[in-house]
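Below you'll find the structure, written out as structure tokens, and then a few comments.
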Protein chains: 2
Amino acid sequence: MPGQNGRSFSSRQYPCEKCPLRPLPAFREFEKQELAFVSTFKKGELAVDKGATVLVEGSHSAHLYTVLSGWAFRYKLMSDGRRQILNYSMPGDLIGLQGSLMGEMQHSIEALSPMLLCVFEREHLPELYRNHPGLAYDITWIASREERMLDENLLSIGRRTALERAAYLIAFISSRARAVGLNGKTPVRIPITQQHIADTLGLSLVHTNKTIRKLIDRKLIVWRDGGCEVIDGERLRELARWEGLGEDRRPLI
Amino acid sequence: MPGQNGRSFSSRQYPCEKCPLRPLPAFREFEKQELAFVSTFKKGELAVDKGATVLVEGSHSAHLYTVLSGWAFRYKLMSDGRRQILNYSMPGDLIGLQGSLMGEMQHSIEALSPMLLCVFEREHLPELYRNHPGLAYDITWIASREERMLDENLLSIGRRTALERAAYLIAFISSRARAVGLNGKTPVRIPITQQHIADTLGLSLVHTNKTIRKLIDRKLIVWRDGGCEVIDGERLRELARWEGLGEDRRPLI
DNA sequence: CGCTCGATTGAATACGATCAATTACTGTGG
DNA sequence: CCACAGTAATTGATCGTATTCAATCGAGCG
């Protein structure tokens, strides 16, 4: 199917039984029947281009997605254009749950790289709740996990200095990416611009640049190929006074 | 039962069938059988004093609470003492869900006033998911609502100026309080100190004071009896460039 | 080659933090 | 009833971090 608006839908290339993510140690094992249901729940796959808007504030999407591959960010805009990035999405993350449950989306999501998404129909969610309490529990768990990340981000923006914030953010994203196996032999390259970092940390672009530069000069990270790579995650966490993810295995819908 | 640690447990004075909150227009109607289950789910009531810690970061509480009356706030501490207040809890809000789902609490909760809490046992949660998919859905909905509030708070701290932030926070809390009928004939008095506001907005106490003073001088709020009252919510929202809650009826567990 | 986008840098300013008191209010004990 | 202690609010002065303004630089692209 040809792409319009930077997106193209296809039925399925990755049946849930052969999900490339599920075998990762980050994810919990699933019961056979749960996996079977998720497989019927999945309607198809959606490929989106870098820069495309996956979901937009104010819309009532009929769909819910799981990221199969690629990166995105979730953000809100004020009427005068100020932007706040709320969190990042990467493989294994659910996108659009808030909208599915509550109706209207109150934030937007944009792809940071080409992405492949599993598409689910929001209208089948009640069926999931009726017939698969374990999966229902998992979805609540996932919502709670997002809340936990937001708590930590709020602490960061509210109480950390600019340098600590930048260190925290990069360490945080990098830890999450590692957990889903995004590091090959080379370190993960986080595909964001300094403008994204600025809009996440609540700083100006100029000051963000000067702050990032300090991290580079201290050899904690490098900036290349339009993105960021962590060199010394340990010292980044220390600088940020951050305890780390401390996450155990999580469900994958 | 006598109180220790500022808390005292009693069986129940408010059976769910006579819940003082449920009839409020802010809450959805419940099926008879759902109400019956919630009633058995409720173990008793807990009264806590102002200033008492309801749940503490790092603990594994066996309980989950719904606020029947009173105010609390949810916060995180950094090892060096910096505090970030994440959100406020008021009647109808669920407390401790994150901990119930994920094990360890990663934030603390402290009472801002004397409170009365409905006590639920975390270990009965799976039963709720098995037998009451509607309630399970409601709990996810509640988690999503909290996430939505955090999104908005993050936007505020990240992108609003000090004056806008203060205006937003007070308008936000006051709107929520109104929705659960906390206003009699007089406006709601929000029982917080300026230190709480400072720790919510990510500002220093001194600067918070000067900012609040501007709101008072502009006659948008008054400060009295150790708390804050809104005089002109409309202009507060305008000043904050905030769209308002826009919430419809929500579930009450 | 000229264009655009993202990164970078210097300079001037402003917003908010910090330091240091002072004031107002409440509850307590003499 | 008053002195006193403790908490919360308030104010002025100074300092510093982050914003804004204004360029420049470098890489990728048509």
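Within every chain, numbering begins at 1; the chains are lettered A, B, ... in the order of the sequence lines, protein sequences first and strands thereafter.
For the pair B/Lys50 NZ and C/dT26 P, the interatomic distance rounds to 12 Å; values are reported in whole Å. Atom NZ in B/Lys214 sits roughly 10 Å away from atom C1' in C/dG16 (whole-Å rounding). In this entry the distance linking CD1 of A/Ile197 with C1' of D/dA18 reads 17 Å, nearest Å. C/dG16 atom P lies 14 Å from atom CZ of B/Arg160, rounded to whole Å.
Applying the salt bridge (Lys or Arg N to Asp or Glu O under 4.0 Å) test to B/Arg213 and every residue at least two apart in sequence or in another chain returns B/Asp217. Legend: residues meeting side chain to side chain contact (heavy atoms under 4.5 Å, CB included) with A/Leu163, ordered by chain and number and at least two apart, are A/Thr161, A/Thr211, A/Lys214, A/Leu215, A/Arg218, A/Leu239. Taking the ring pair (Phe, Tyr, Trp, His ring centres under 6.0 Å) definition, one finds that B/Phe120 meets it with B/Phe41, sequence neighbours left out. Not counting sequence neighbours, the partners of A/Arg159 by the salt bridge (Lys or Arg N to Asp or Glu O under 4.0 Å) test are B/Asp199. With sequence neighbours excluded, the residues satisfying salt bridge (Lys or Arg N to Asp or Glu O under 4.0 Å) with B/Glu229 are B/Arg224.
A ring-ring contact (aromatic ring centres under 6.0 Å, His included) check over residues 182-201 of chain B, counting only residues at least two apart or in different chains, returns the pairs B/Phe73-B/His196. Sequence neighbours left out, the pairs with a member in residues 230-239 of chain B that pass salt bridge (charged side-chain N to carboxylate O under 4.0 Å, His left out) are B/Asp232-B/Arg235, B/Glu234-B/Arg237.
Put simply, the side chain of A/Arg160 gets close to the backbone of A/Ala240: a donor and an acceptor are under 3.5 Å apart. Remark: side-chain polar atoms of B/Arg189 are paired, donor with acceptor, to backbone N or O of B/Asp225 under 3.5 angstrom. A distance-only check finds no donor-acceptor pair linking the side chain of B/Arg165 to the backbone of B/Asn153 [under 3.5 Å].
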Base-contact (B) and sugar-phosphate-only (S) positions in nucleotides 7-15 of chain D, heavy-atom cut-off under 4.0 Å, - elsewhere: --SBBBB--

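Relative to the six-membered ring of A/Tyr88, A/Arg176 misses at least one condition, a distance below 6.0 Å or an angle of at most 45° to the axis.
Near DNA chain D, defined here as any heavy-atom distance below 4.0 Å, there are no residues from residues 164-173 of chain B. Of the residues in residues 75-87 of chain B, none has a non-hydrogen atom less than 4.0 angstrom from any atom of DNA chain D.
Counting non-hydrogen atoms of other residues, nucleotides and ligands closer than 6.0 Å to OH of B/Tyr14 gives a total of 12 or fewer. Atom CD of B/Glu104 sits in a crowded spot, with more than 12 heavy atoms from other residues, nucleotides or ligands closer than 6.0 Å.
Residues A/Glu146 and A/Asn87 bring a donor and an acceptor atom of their side chains to less than 3.5 Å of each other.
Rounded to 10°, the helix from C/dC1-D/dG30 to C/dG30-D/dC1 has 30° between the axis fitted to its first five pairs and the one fitted to its last five.
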Distances for protein N/O vs nucleotides 23-30 of chain D N/O pairs under 3.5 angstrom?
none

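The one candidate from B/Ile170, B/Leu169, B/Ile231 that meets the side-chain contact (heavy atoms from CB on, under 4.5 Å) condition with B/Leu236 is B/Ile170.
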